[in-house]
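Bear in mind the structure is a predicted one, so any value in this text is a computation, not a measurement. Here is how names work: the chains are called A, B, and so on, in the same order as the sequence lines, proteins then strands, and each is numbered from 1.
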Amino acid sequence: MDRRGHASAQWPITDDLSTLRGQVRGYAALAGLSGVRLQDLVLAVNEAAANVLDHAHGEGHVQAWHDERSVTVEVHDRLGQLVPAHATAGDPGVTTLRGRGLWLMQQLCDEVRITRDAQGSAVLLRQEINGLPKA
Amino acid sequence: MDRRGHASAQWPITDDLSTLRGQVRGYAALAGLSGVRLQDLVLAVNEAAANVLDHAHGEGHVQAWHDERSVTVEVHDRLGQLVPAHATAGDPGVTTLRGRGLWLMQQLCDEVRITRDAQGSAVLLRQEINGLPKA
Amino acid sequence: MNFTVQVEGGSADGHSSPVRTLVLTGELDHGSVPHLQKALDKAYADQCRHLIIDVTGLAFCDSTGISVFLGARRALAAREGSVALAGLNARVQRTFRLTGVADAFSTYPTADEARAALSAS
Amino acid sequence: MNFTVQVEGGSADGHSSPVRTLVLTGELDHGSVPHLQKALDKAYADQCRHLIIDVTGLAFCDSTGISVFLGARRALAAREGSVALAGLNARVQRTFRLTGVADAFSTYPTADEARAALSAS
Ligand SMILES: Nc1ncnc2c1ncn2[C@@H]1O[C@H](COP(=O)(O)OP(=O)(O)O)[C@@H](O)[C@H]1O
Ligand SMILES: Nc1ncnc2c1ncn2[C@@H]1O[C@H](COP(=O)(O)OP(=O)(O)O)[C@@H](O)[C@H]1O
């Protein structure tokens, strides 16, 4: 951590998403996010982590860092089967029960990006610190 | 418990008022209370039990019973120093920090009565099942 | 924080009842939806047709929670019933709006108002 | 269910800040008020003058909770500051009304609106 408090952080993904939300909320609040935009980021991370539980055997971790302008949280799985095409599905409509997670992340965050490497897939979620709620 | 479900119930008072609220809420809901009037009774019991923690060494128990018309909850302490005069104080106003419990119980419940016997003091709280919110 | 479901307007006398209220408290997420699903399954088994879900005390709700609400809507529509939501706070309302399901449910400020609307109809 | 206090608008860089938001979640009662009191004492120590208490996620609040809110109001009034409450649900609102303290606090639908009102004044 440098003297302006630019620490990065890492947390495991477990069944207990409530604890993860608390960790992300605390980190992002210290970094300068507040109110709706803070809650939006926390919800987006929750959605990405729930997907790791549902679609990637629950194995993954979350990394967070920030600078003066934004807070970034990356939700990693080890399976590596999430691809950018998964994020283009759009709003499924009220007659479909599932399939809202990736759509919702895109409504909540300033930037949503899906990446893949030898270690697995990841969703990058970024919130500008002085932005307005997206929607 | 008779065949119409007129069971009575008893719970200890401990530091964990959340559990006590859940017990009272479950009992009173089964007896037919719902909505604001149910929440009002639960809050009133919480207030009386908090007084046992604060003013009567935390020693006491809660008894509940009901018939077709009403649900009654009695909050007992063993100290025996609560007297009816404590309930006549009125609303303390916003400049006083404490002293709202007994006033609030009277706003919440159809009947509030303080009794004393050799075993201690008790606050009787009664809610009619088909009544309207008091205030 | 955990999650609780309280059932109101049930069956003290063992009778089934067509209107049931579920009062949700705490955080509704991937870990807690099974509790809500269990309460819903019980309501269906008890011949519930109209469900009022009181979310006043809901501190958090994610898309998993929304899936379960939509599932209840579908299940009760199949028996010509309904799901009403009461007491949505600004956060839950926002999540409903952003996922496009805000208009799928009748909403009321309180469960008492939802019940009154049902009796009037 | 437990109770949490989250601090926003604090001191990532170790600086004190005159406006602080406390986001309360869960049940505020005899057992949990000490947690809130600790967060308030920390805010006073950090020279906080204006406090926004976001109660959107508050599932329960009793007269002990109200005492602590009134105590914060008194403490900040002494340094010409203020306490605003954001996101009161119908239950909490009712408890405030019945105890006669509803008018003692400025209230806003959301913490963001409370912060905007402070910046405007
Ligand atoms: N971490 C992941 N690994 C593999 N597949 C994923 C992952 N996250 C999402 N997906 C895929 O993307 C789809 C859409 O995800 P989402 O929009 O979150 O909705 P839901 O999880 O409700 O299906 C999922 O059904 C799944 O096929
Ligand atoms: N169980 C009890 N035993 C003894 N005294 C009690 C008890 N409950 C209440 N009291 C007395 O009544 C007063 C008013 O109680 P209440 O209105 O609940 O406010 P508070 O507990 O905040 O003082 C208390 O300060 C206390 O002196």
(message) For the backbone of C/S67 and the side chain of A/R98, can you confirm whether one donor and one acceptor N or O come within less than 3.5 Å of each other?
(response) no
(message) Heavy atom to heavy atom, less than 4.5 Å: which residues from residues 83-93 of chain C reach chain A?
(response) C/R91
(request) State the CZ-OG1 distance between A/R100 and C/T64, to the nearest 0.5 angstrom. (result) 11.0 Å
(message) For the interface with chain A, which of C/V101, C/D103, C/D62 has the highest count of heavy-atom pairs at distances below 4.5 Å?
(response) C/D62
(request) Please round to the nearest 0.5 Å and tell me the distance separating atom CZ of C/R94 and atom CD of A/Q39. (result) 8.5 Å
(request) Work out which heavy atom in C/H30 is nearest to a heavy atom in A/L17; give both atom names and the distance. (result) CB-CD1, 3.7 Å
(request) Assess whether atom CG of A/D117 is packed by more than 12 heavy atoms of other residues, nucleotides or ligands within 6.0 Å. (result) yes
(message) Quick check on A/D40 against chain C: is it the side chain, the backbone, both or neither that has a heavy atom closer than 4.5 Å?
(response) side chain
(message) To check you understand the geometry: which heavy-atom pair defines the closest contact between C/L98 and A/W103, and what is its length?
(response) O-NE1, 3.1 Å
(request) Taking all heavy atoms of A/S18 and all of C/D29, pick out the closest pair and write down the distance. (result) N-OD2, 4.0 Å
(request) Measure the spacing between OG1 of C/T95 and CG of A/L104 and express it to the nearest 0.5 Å. (result) 6.5 Å
(message) Report which part of A/T96 has an atom under 4.5 Å of a heavy atom belonging to chain C: side chain, backbone, both, or neither.
(response) backbone
(request) Answer yes or no: does atom CZ of A/R69 have more than 12 heavy-atom neighbours from other residues, nucleotides or ligands under 6.0 Å? (result) no
